[in-house]
Amino acid sequence: MMVSTRGRYALRVLLDLIIHDDGGYIPMKDIAKRQSISQKYMEQIMPALTKTGLVEAVHGKGGGYKLSKSPSEYRVGEILRVTEGDLAPVACVSEKTEPCEHRGQCKTAKMWAEFNRITNEYFDSVKLTDLLEK
């Protein structure tokens with residue numbers, strides 16, 4: 001499994017919102033500049049974060065983004081699933097694909113399922129605030 005720039009940048013954006021939280025909305029251009037992310041790429045990431053309720057957005061003068069809940073409530077797994085989709089290492093353990101026709105006799109199915117479980121449990125155990133402490 002490889003996390004794309006979309007997932008990595010989403011984590012950086014949310015951490016930036018935590019670090020620079022003053023109670024107001026933070027303009028996208030400010031986040032983009034601090035994180036060295038093009039504004040055009042941020043325009044692709046932010047709608048998913050807004051649509052899923054991870055951030056609140058206000059457009060126009062005085063607008064921008066802010067967290068929609070307490071920083072300690074954000075889990076890395078949730079964020080990566082929003083930006084990456086399924087975190088499954090192979091299609092046969094993905095919830096988004098049909099069950100494999102070889103699943104009953106596949107010698108590797110249990111291994112992939114366990115790897116998927118461990119990966120998801122790990123990312124779900126990490127809070128964004130944990131990343132600020134490390």
side-chain hydrogen bond (donor to acceptor under 3.5 Å, both in side chains) involving [X] - partner list, sequence neighbours excluded:
| X | value |
| --- | --- |
| E78 | K69 |
| R12 | Q35 |
| E95 | none |
| S38 | none |

Walk me through whether E114 and K110 qualify under salt bridge (Lys or Arg N to Asp or Glu O under 4.0 Å). CA-CA 6 Å; E114 181 66 5; K110 287 182 182 178; over 6 Å; no
Quick one: name the residues clustered hydrophobically with W112, using the 4.5 Å side-chain heavy-atom rule over I, L, V, M, F, W, Y, and just say none if it's on its own.
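Once heavy-atom contacts under 4.5 Å are chained together, W112 belongs with V90, V93, M111.
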Under 4.5 Å side-chain linkage, directly or through intermediates, the cluster mates of V58: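 Taking Ile, Leu, Val, Met, Phe, Trp and Tyr as members, V58 shares its hydrophobic cluster with Y25.
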Show me, pair by pair, the donor-acceptor contacts under 3.5 angstrom made by side chains of residues 45-52, not counting sequence neighbours?
from : atom 1 : to  : atom 2 : distance (Å)
T50  : OG1    : M46 : O      : 2.9
T52  : OG1    : A48 : O      : 2.8
T52  : OG1    : L49 : O      : 3.4

query: Among pairs that include at least one residue of residues 31-88, which meet ring-ring contact (aromatic ring centres under 6.0 Å, His included), considering only residues two or more places apart or in two chains?
result: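 Counting only pairs at least two positions apart or across chains, the ring-ring contact (aromatic ring centres under 6.0 Å, His included) contacts touching residues 31-88 are Y9-Y41.
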Check: What is the distance from atom OG of S36 to atom CD1 of I31, rounded to the nearest 0.5 Å?
Finding: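 So the gap between those two atoms works out to 13.0 Å.
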Residues at least two apart in sequence or cross-chain that pass salt bridge (charged side-chain N to carboxylate O under 4.0 Å, His left out) with R34, listed by chain then number, are D16
Partner residues of E73 under the salt bridge (charged side-chain N to carboxylate O under 4.0 Å, His left out) criterion, sequence neighbours left out: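 So E73 forms no salt bridge (charged side-chain N to carboxylate O under 4.0 Å, His left out) with any residue.
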Inset, instruction - Apply side-chain contact (heavy atoms from CB on, under 4.5 Å) to K33 and list each qualifying residue two or more places apart in sequence or on a separate chain. - result: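 Not a single residue meets the side-chain contact (heavy atoms from CB on, under 4.5 Å) criterion with K33.
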Residue set satisfying ring-ring contact (aromatic ring centres under 6.0 Å, His included) with F115, at least two apart, ordered chain then number -> none
